[in-house]
J.: 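Below is one structure. I have some questions about it.
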Amino acid sequence: MAPNTTRARFVHTNREKEEESSDDEPVEEEQEEDETDEEEEEDETTKVTTRSSSDKEEKIVKEKKKEPITISLKKVCKVCKRKGHKAGFKGAIYIDCPMKPCFLCKKPGHTTMTCPHRVTMEHGVIPAQKTNTKTSIDYVFQRELKAKLPYMVKPKYVIPNQLECGNVRFHARRITCLEFHPTNDNVILSGDKKGALGIWDYVKLHEKTVYDSIHSCIVNNIKFDLKNDDKLYMASSDGTVSYTDIVTGLSSCLLDVNPNGWHGPKTWHMLYGMDMSNEKGLVLVADNFGYLYMVDKCSNKMVEKPIRIHKKGSKITGLHFNPARPDLLLSCGNDHFARIWDVRRLESGSSLADLAHVRVVNSAYFSLASGTKIMTTCQDNRIRVWDSIFGNLESPNREIVHSHDFNRHLTPFRAEWDPKDETETVAVIGRYISENYDGVALHPIDIIDTGTGSLLAEITDPDITTITPVNKLHPRADILVSGSSRSVFVWKPKVESEEPQSEHLKRKQREFIYGSATGKKSNGKGPYNDSSDGEDRFGKDGKNKKVAKKTETKFTHNATKGKGKSKM
DNA sequence: ACCGAATGGCCCC
DNA sequence: TGGGGCCCCTTCGG
């Protein structure tokens with residue numbers, strides 16, 4: 001909360017404004033102070049007014065100091081500063097300011113509580129209207145694809161919705177990305193905001209390794225070298241791409257886009273999107289100024305000069321090679337576009353298609369088997385799906401309203417395909433907005449059927465009260481791994497026949513059949529100076545360290561099996 | 001228990 | 001086109 005002095009000034013001016021403009025409401029500040037309203041116990045000034053008479057002196061002193069504040073705060077909404085309503089948490093439920101557009105669907109005239117996208121399905125996710133009609137190419141595509149894919153016999157979709165284990169204080173800062181080991185099913189790789197790489201075998205719970213000297217700030221992307229299971233690439237906001245052997249901890253710098261060092265935040269290049277193509281022998285990374293860098297995997301040299309593929313000065317948030325057509329690349333960025341490119345003819349302005357969005361595009365992915373669909377996550381609270389890259393790309397085939405538009409202090413939410421889902425419809429994404437679960441505000445992880453927009457499952461655990469923006473479904477097993485704040489969690493499908501469960505558990509453990517749910521609802525400083533990290537991490541060490549410092553630590557395992565009693 | 005900070009995007013001038 | 005102010009449904013450590 002803002003310091004009282006600041007708040008007082010704002011409130012006061014607003015109150016004066018209010019009094020000038022609106023005289024429909026009688027001015028009755030003093031009298032209102034007498035009522036002790038129970039719904040405002042979180043308001044610090046109310047505590048002052050409702051304090052018992054035993055500390056009268058103190059009360060008097062305080063009231064003397066901030067009498068005008070006390071009066072004003074009680075009457076004024078903290079969002080719009082108007083009288084007559086209040087925004088904020090009421091228990092586990094957040095009450096919107098009615099003067100603002102709906103926080104969920106962004107349309108004016110209602111609040112999140114009454115938003116049709118929330119009420120109809122109860123959980124924010126609803127299928128949006130189709131915004132274009134199918135072209136003949138679409139039907140050809142469907143006919144071709146349907147012959148190959150088991151559309152008619154939809155497999156039972158297994159939801160990994162029971163907390164298997166989680167670790168606490170494994171990372172020092174919030175998790176920013178997760179990746180499964182390409183061949184060892186039990187190993188999870190995690191990157192954090194401070195630049196550390198975590199390696200965790202969640203079956204052998206105690207086996208955790210942290211390499212914390214490879215990068216000096218946010219790890220934005222981890223990609224394994226598919227030709228060598230022990231080696232991976234990491235792209236970081238420190239402006240480098242590292243190539244690390246996770247067994248030995250030896251690391252080399254593949255690319256440094258700030259060869260001249262630090263000259264202030266306006267010129268510092270940070271690397272966000274990254275993807276790798278074995279066919280092409282290329283590692284592609286993109287920075288926060290709209291540039292794409294192509295690095296040859298063999299020579300470790302840049303193939304050519306950086307190419308600007310998004311608006312000058314805007315961040316490129318993601319890159320994805322088409323899994324079926326190695327020449328196709330998908331990019332997305334802060335210029336509100338996702339773009340399709342031909343890697344063979346990659347130059348500024350040569351995109352094959354530009355997919356327009358309303359706001360920042362957090363992620364854009366081709367579907368993982370056929371590569372013919374595109375799914376994007378946009379900050380306007382919509383997941384967009386294009387059913388065929390060969391069809392009309394003017395507008396998406398579906399827009400799914402889903403709450404994920406909070407970005408400032410969280411890792412951006414990204415809807416990610418289930419790599420095991422042959423129908424290429426199931427996706428996972430964390431939800432920003434909270435629901436009231438037995439009086440506790442929890443932020444579920446949603447599993448969505450992007451074909452219909454229906455919610456297949458919402459995954460929660462009463463012990464995980466933080467938001468879970470980073471989620472990854474296992475490419476081979478029925479496992480979901482989540483990064484929530486500093487913790488990593490592993491989910492498995494619910495095991496049947498356990499002791500009686502609470503309503504909450506029942507709710508989260510419903511088993512869904514794909515397509516028709518059985519449940520009731522189908523549907524001179526470095527760029528970063530962490531508050532706790534006073535030293536200049538960019539200044540020390542050479543930039544192109546050939547060998548990363550290896551900081552291996554065995555942690556006492558702090559994870560729990562079964563019902564998930566892990567603390568956050 | 002409280003407070004400050006992180007540095008993200010958008011909008012306006 | 002760029003800088004500054006504003007937003008103010010988070011999370012953690014000090």
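Chain identifiers are assigned alphabetically (A, B, ...) following the order of the sequence lines, protein sequences preceding nucleic acid strands; residue numbering begins at 1 within each chain. Computed from a predicted model, the values in this text were never measured in an experiment.
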J.: Check this one for me: any side-chain N or O of A/His443 less than 4.0 Å away from OP1 or OP2 of C/dC9?
T.: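 Answer no for this pair, as no side-chain N or O of A/His443 is under 4.0 Å from OP1 or OP2.
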
J.: Go ahead and name the base partner of C/dC8; Watson-Crick or wobble counts if both distances stay under 3.5 Å, otherwise write none.
T.: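 Check on C/dC8: unpaired, no WC or wobble geometry under 3.5 Å.
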
J.: Which nucleotide in the set C/dC8, C/dT10, C/dC9 lies at the smallest distance from any side-chain heavy atom of A/Phe103?
T.: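 Nearest to the side-chain atoms of A/Phe103, counting from C-beta on, is C/dC9.
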
J.: Is A/Lys315 near enough to B/dG9 that one of its side-chain N or O atoms lies under 4.0 angstrom from OP1 or OP2?
T.: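 Looking at the OP1 and OP2 atoms of B/dG9, one of them is under 4.0 Å from a side-chain N or O of A/Lys315.
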
J.: Under 4.0 Å between a side-chain N or O of A/Lys78 and OP1 or OP2 of C/dC9?
T.: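 For C/dC9, OP1 or OP2 has a side-chain N or O of A/Lys78 closer than 4.0 Å.
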
J.: Side chain of A/Ser485, heavy atoms from C-beta onward: which of C/dC12, B/dC10, C/dG3 has the nearest atom to it?
T.: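 Nearest to the side chain of A/Ser485 among the choices is C/dC12.
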
J.: Aromatic rings A/His320 and A/Tyr365: how do their planes relate, parallel, tilted or perpendicular, breaks at 30° and 60°?
T.: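 A/His320 and A/Tyr365: perpendicular rings.
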
J.: Do A/Arg118 and A/Glu435 meet the salt-bridge criterion of a basic N to acidic O distance under 4.0 Å?
T.: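 Between A/Arg118 and A/Glu435 there is a salt bridge, with a charged N closer than 4.0 Å to a carboxylate O.
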
J.: Identify, between A/Ala172 and A/Ile433, the residue whose nearest nucleotide on DNA chain C lies closer to the 5' end.
T.: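 Its nucleotide being nearer the 5' end, the pick is A/Ile433.
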
J.: Does a side-chain N or O from A/Lys100 land closer than 4.0 Å to OP1 or OP2 of C/dC8, or not?
T.: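 So the side-chain polar atoms of A/Lys100 do come within 4.0 Å of the phosphate oxygens OP1 or OP2 of C/dC8, strictly under.
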
J.: Would you kindly check if the NZ (Lys) or CZ (Arg) of A/Lys106 is within the cone defined by 45 degrees around the ring axis of A/Phe103 and under 6.0 Å from the six-membered ring centre?
T.: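 Judged by the rule, A/Lys106 and A/Phe103 form a cation-pi pair.
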
J.: Nearest to the side chain of A/Asp96, which nucleotide is it out of C/dC12, C/dC9, B/dA6?
T.: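 Looking only at side-chain atoms, A/Asp96 lies closest to C/dC9.
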
J.: To the side chain of A/Leu410, which of C/dC12, C/dT10, B/dC10 is closest?
T.: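 Closest nucleotide to the A/Leu410 side chain: C/dT10.
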
J.: Answer with yes or no whether A/Arg408 presents, from its side chain, a donor or acceptor under 3.5 Å of a partner atom in the base of C/dC7.
T.: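 When only heavy-atom distances are counted, A/Arg408 does reach the base of C/dC7 through a donor-acceptor pair under 3.5 Å.
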
J.: Is the shortest side-chain N/O distance from A/Asn334 to OP1 or OP2 of B/dG9 below 4.0 Å?
T.: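 It does, given that an N or O in the side chain of A/Asn334 lies less than 4.0 Å from OP1 or OP2 of B/dG9.
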
J.: Quick one: is A/Thr112 getting a side-chain N or O under 4.0 Å of the C/dC9 phosphate, OP1 or OP2?
T.: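 Answer no for this pair, as no side-chain N or O of A/Thr112 is under 4.0 Å from OP1 or OP2.
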
J.: Quick one: does NZ or CZ of A/Lys311 land under 6.0 Å from the six-membered ring centre of A/Phe337, within 45 degrees of the ring axis?
T.: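 The answer is no, since A/Lys311 fails at least one limit relative to A/Phe337.
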
J.: Between C/dT11, C/dC9, B/dT7, which one does the side chain of A/Lys193 approach most closely?
T.: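 So the side chain of A/Lys193 is nearest to B/dT7.
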
